[in-house]
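Reading through the structure tokens given below for one structure.
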Amino acid sequence: MAREIRTRFAPSPTGDLHVGNIRTALFDWAYARHTGGKLIFRIEDTDRERVTDEYIARAIETLKWLGLEWDEGPEVGGEFGPYLQSQRLDIYTKWAKTFLENGDAYNCYCSTEELEARREAQRASNQAPGYDGKCRSLTPEEVSKFLAEGRKPVIRMRMPDGETRFTDLIRGEVVFEHKYVPDFVLMRADGSPLYTLAVAVDDVLMKVTHILRGEDLLSSTPRQIRVYQAMGLATDELPAFAHLPFVMGTDNTKLSKRNGEVSIAWYREEGFLPEAICNYLALLGWSPGDDKENITMKELVELFTIERVNSSPARFDMKKLEAINGDKIRALTIDEFLTRALPFLLKEQVVKGEESEIEVVRKALPIIQERIARMKEVVPMLRFLFVNEVTFDDESAAKVNEADSKKVISTAIEALSGLSLWSHGEIESALRKALIEGLGLKPRNAFGPVRIAVTGSHISPPLFESMELLGKERSMARLESAVR
RNA sequence: GGCCCCGUCGUCUAGUGGCCUAGGACUCUGGCUUCUCAAGCCAGCUACGAGGGUUCGAAUCCCUUCGGGGCUGCCA
């Protein structure tokens with residue numbers, strides 16, 4: 001029986017999770033689900049000056065919101081925990097010591113200043129900058145001298161001569177000659193581990209079989225493999241690597257958290273649905289293969305394979321995300337739509353949450369469902385139903401105040417005042433009769449002024465349905481006030 | 001500079017030697033529909049970075065070149 005596939009998503013939450021992080025998490029998740037394997041969620045917080053508990057909590061929350069459930073990790077536990085690296089420090093220390101004892105690593109007494117100076121010299125003489133191996137084989141006398149100077153050593157991994165060769169699942173065979181991979185630091189003088197140590201140790205201990213991660217980590221792979229080897233893993237026990245292409249900004253620069261639009265929290269506030277974000281992100285670097293792009297999470301799981309992941313970087317396109325989001329919104333049942341729309345209406349205080357209000361919203365949703373691309377848009381779309389008086393923007397105000405408009409609205413008032421049944425059908429036929437037949441107006445010119453008077457804007461949901469929802473009394477009041 | 005990765009419409013992509021006078025989606029443009037805005041439908045614009053090979057035949061294989069990106073940290 002083949003061993004169970006285990007992937008991991010291991011962010012370092014130095015800020016809110018962003019688009020690139022989530023795309024990686026999505027692929028990790030989809031691959032684990034597709035293969036019936038496990039997804040491990042691990043927090044890489046070895047740099048506690050930059051990673052805060054607040055960011056960790058937000059990362060957990062974001063993943064849950066997107067529906068990317070993990071099998072092992074924070075909150076759910078698992079047999080290979082803990083899943084916060086800051087709680088695993090003794091493990092890293094133990095391995096670093098082992099490496100030291102076995103001669104795979106050595107104490108390095110060079111100071112940051114000395115290293116920097118030597119790197120400068122290397123650059124100046126056109127050599128590849130990197131650790132020069134100065135402390136690789138210190139004599140006991142040299143060590144005593146350094147210690148006497150009060151120096152505290154870091155632990156540095158020894159890269160042997162030769163090369164590292166591995167098959168990236170996305171890019172094929174990749175070779176790094178070790179002369180371009182200098183000895184690297186595993187542990188600081190204060191005993192805190194570095195990423196290179198912690199990531200490799202954890203992937204081994206957590207029995208990760210497939211490492212899907214950003215392509216920026218591609219050139220650190222030889223170092224990671226070196227740690228595996230020092231831990232005693234045989235070549236056929238190494239995890240498989242798949243380096244995902246970047247998600248770039250529209251301007252072709254790498255997306256970064258410096259840019260406000262990358263934070264997933266922002267997309268949530270704007271009203272992008274989690275399934276739309278996942279669907280769109282899945283298309284960045286992967287494709288279902290046929291011409292169907294609008295897929296469900298279930299379909300993504302069924303179709304996702306690493307073979308179909310691209311190797312070239314993708315640009316993030318807000319327009320396409322919006323289009324997919326609109327499609328997802330239109331696919332919602334009214335109950336689902338209501339559940340998702342309500343938080344936006346409550347937050348902007350369009351409604352207070354009373355039963356009667358929610359009933360109005362429920363009735364109004366069908367007529368705006370195909371008119372919005374972001375959930376947030378329900379707010380401007382429905383606000384007119386819940387205010388006492390509409391307010392006009394400059395353009396609408398000018399339009400409604402024209403003499404022709406006042407005449408149209410007056411005529412509409414006469415036509416509507418006698419209506420006993422206030423339904424959109426009745427309203428429509430009464431207005432058509434009075435304005436189009438009666439005044440000989442084109443529909444556009446006839447209904448425009450009425451629309452502005454009733455909804456406050458020349459852009460609104462369908463007029464007759466809107467008036468029905470508003471009710472006769474309030475509709476008439478708005479018309480009256482517009483001609484006053 | 002060195003090492004590594006990448007290169008099909010504006011964007012995301014399909015394409016693994018003939019089905020490609022390169023398909024789909026988003027955007028954009030025009031039209032239809034129409035009470036506004038949308039949605040929907042139809043049509044259109046636009047691409048294999050360049051140059052050499054290999055082959056009867058190349059977007060697909062090879063080489064060179066150009067361009068973009070990453071790494072080159074006691075960040076991850």
Side-chain angles (χ1 to χ4, degrees), chain A residues 10-12 14 44-47 49-51 108 110-112 115-116 119 122-123 126-131 154-156 168 170-172 174-177 179-182 184-190 192-196 198-199 213-222 243 245-246 248 250 252-254 280 283-294 308 310-324 326-327 330 367-373 377 381 428 431-432 435-436 442-448 450-452 455 457-466:
Chain A
S12 179
T14 54
E44 310 241 331
D45 60 344
T46 51
D47 187 352
E49 299 201 351
R50 296 171 62 213
V51 178
C108 172
C110 299
S111 70
T112 309
L115 291 172
E116 190 47 48
R119 263 197 289 271
Q122 287 168 327
R123 265 190 281 266
N126 230 347
Q127 296 171 55
Y131 189 68
V154 301
I155 299 175
R156 197 178 278 277
D168 186 280
I170 293 170
R171 288 149 213 284
V174 184
V175 185
F176 289 90
E177 292 182 57
K179 61 179 173 181
Y180 302 117
V181 186
F184 55 96
V185 176
L186 297 169
M187 192 162 264
R188 298 186 182 90
D190 67 2
S192 62
L194 263 52
Y195 166 80
T196 12
V199 72
R213 54 167 18 168
E215 112 171 58
D216 50 335
L217 271 346
L218 183 58
S219 36
S220 83
T221 306
H243 287 94
F246 283 125
M248 318 282 280
T250 313
N252 206 25
T253 60
K254 192 184 170 189
Y280 174 65
L283 266 19
L284 256 30
W286 175 84
S287 91
D290 57 18
D291 289 339
K292 191 184 176 196
E293 288 193 333
N294 188 322
R308 295 212 59 84
N310 253 21
S311 53
S312 51
R315 245 76 39 187
F316 183 85
D317 181 6
M318 184 76 78
K319 283 274 181 33
K320 183 148 181 173
L321 202 212
E322 224 168 31
I324 289 177
D327 286 341
R330 269 167 250 131
I367 63 173
I368 65 165
Q369 190 164 22
E370 66 188 26
R371 295 184 155 69
I372 63 171
E377 294 171 54
M381 279 284 184
E428 176 168 8
L431 287 179
R432 280 190 186 279
L435 303 178
I436 300 193
K442 288 182 177 171
R444 165 184 293 269
N445 298 327
F447 302 130
V450 180
R451 176 189 311 285
I452 295 172
T455 69
S457 170
H458 63 284
I459 299 172
S460 83
L463 178 59
F464 316 118
E465 284 84 350
S466 296

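Reminder, nothing fancy here: chain letters follow the sequence lines and each chain counts from 1. Atom set for the values below is all heavy atoms of this structure, side chains included, hydrogens, waters and symmetry mates excluded.
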Pair partner, B:U60 [Watson-Crick or wobble, under 3.5 Å]: none

Side chain to side chain contact (heavy atoms under 4.5 Å, CB included) partners for A:S219, two or more places apart: A:F176

Length of the line joining A:D291:CG and B:A22:C1', which is rounded to integer Å: 13 Å

RNA chain B: 5'-proximal contact among A:I372 and A:R123 (nearest heavy atom): A:I372

With A:R371 via side chain to side chain contact (heavy atoms under 4.5 Å, CB included) - residues at least two apart: A:M381, A:P462

Listed partners of A:E322 passing side chain to side chain donor-acceptor pair (under 3.5 Å), at least two apart: A:R374

All side chain to side chain donor-acceptor pair (under 3.5 Å) counterparts of A:D190, not counting sequence neighbours: A:S192

Residue mapping more 5' on RNA chain B - nearest nucleotide basis, A:M381 or A:L321: A:L321

Qualifying residues under side chain to side chain contact (heavy atoms under 4.5 Å, CB included), relative to A:L194, sequence neighbours excluded: A:V185, A:R188, A:T196

C1'-based separation of B:C66 from B:C41 [nearest Å]: 44 Å

Main-chain N/O of A:G130 paired to A:Q122 side chain as donor or acceptor, under 3.5 Å: yes

Who pairs with B:C41 - Watson-Crick or G-U, where each distance is under 3.5 Å: B:G31

Between P of B:G68 and CG of A:L218, the distance in whole Å: 20 Å

Sugar-phosphate or base contact per nucleotide [nucleotides 28-36 of chain B; S, B, -; heavy atom under 4.0 Å]: -------BB

Min side-chain heavy-atom separation A:L283-A:I324 under 4.5 Å: yes

Side-chain heavy atoms of A:T221 within contact of A:D168, under 4.5 Å: no

Whole-Å distance separating the CZ atom of A:R171 from the P atom of B:U16: 21 Å

Distance between P atoms of B:G30 and B:A39 (Å, rounded): 16 Å

Residues which pass ring pair (Phe, Tyr, Trp, His ring centres under 6.0 Å) with A:Y195, listed by chain and number, not counting sequence neighbours: none

Atom-to-atom span, OH of A:Y180 to C1' of B:U72 - whole angstrom: 12 Å

Minimum heavy-atom distance between A:F246 and A:E215, given as atom pair plus value: CE1-CG, 3.5 Å

B:U27 to B:G18 separation - P atoms, rounded to the nearest Å: 33 Å

Touch class at under 4.0 angstrom, heavy-atom based, for A:R308 against every strand present: sugar-phosphate

Touch class at under 4.0 angstrom, heavy-atom based, for A:V450 against every strand present: nothing

Residue list, side chain to side chain donor-acceptor pair (under 3.5 Å) with A:S460, at least two apart or on another chain: A:R451

Pairwise P distance, B:G49 and B:C12 [rounded to whole Å]: 13 Å

C1' gap between B:C62 and B:C3, integer Å: 23 Å

Nucleotide B:A25, atom P - distance to NZ of A:K292 in whole Å: 14 Å

A:N294: partners by side chain to side chain contact (heavy atoms under 4.5 Å, CB included), with sequence neighbours left out: A:N279, A:D327, A:K328

C1' spacing across the pair B:C20 / B:U60, given as an integer number of angstrom: 11 Å

Nearest-angstrom distance, C1' atom, B:A38 to B:C32: 16 Å

Atom pair distance, as rounded to whole Å: NE2 in A:H243 and P in B:C5: 12 Å

Who pairs with B:U11 - Watson-Crick or G-U, where each distance is under 3.5 Å: B:A25

Detail all sub-3.5 Å separations between protein N/O atoms and N/O atoms belonging to nucleotides 7-12 of chain B.
unit_1: B:C12; atom_1: OP1; unit_2: A:R315; atom_2: N; d: 3.1
unit_1: B:C12; atom_1: OP1; unit_2: A:R315; atom_2: NE; d: 3.0
unit_1: B:C12; atom_1: OP1; unit_2: A:R315; atom_2: NH2; d: 2.7
unit_1: B:C12; atom_1: O2'; unit_2: A:L283; atom_2: O; d: 2.8

Sugar-phosphate only, base, or nothing, as touched by A:V181 at under 4.0 Å among non-hydrogen atoms: nothing

A:F184 CZ to B:C71 P, straight-line distance once rounded to whole Å: 17 Å

C1' spacing across the pair B:U21 / B:A25, given as an integer number of angstrom: 22 Å

With A:K179 via side chain to side chain donor-acceptor pair (under 3.5 Å) - residues at least two apart: none

Do any N or O atoms of the protein come closer than 3.5 Å to N or O atoms of nucleotides 74-76 of chain B, and which pairs are they?
unit_1: B:C74; atom_1: N4; unit_2: A:C110; atom_2: O; d: 3.1
unit_1: B:C75; atom_1: OP2; unit_2: A:R188; atom_2: NE; d: 2.9
unit_1: B:C75; atom_1: OP2; unit_2: A:R188; atom_2: NH2; d: 2.2
unit_1: B:C75; atom_1: O2'; unit_2: A:D47; atom_2: OD2; d: 3.2
unit_1: B:C75; atom_1: O2'; unit_2: A:R50; atom_2: NH1; d: 2.3
unit_1: B:A76; atom_1: OP1; unit_2: A:T46; atom_2: OG1; d: 2.7
unit_1: B:A76; atom_1: OP2; unit_2: A:Y195; atom_2: N; d: 2.9
unit_1: B:A76; atom_1: N6; unit_2: A:R223; atom_2: NH2; d: 3.4

Distance in angstrom units between A:I324 CD1 and B:U13 P, rounded: 12 Å

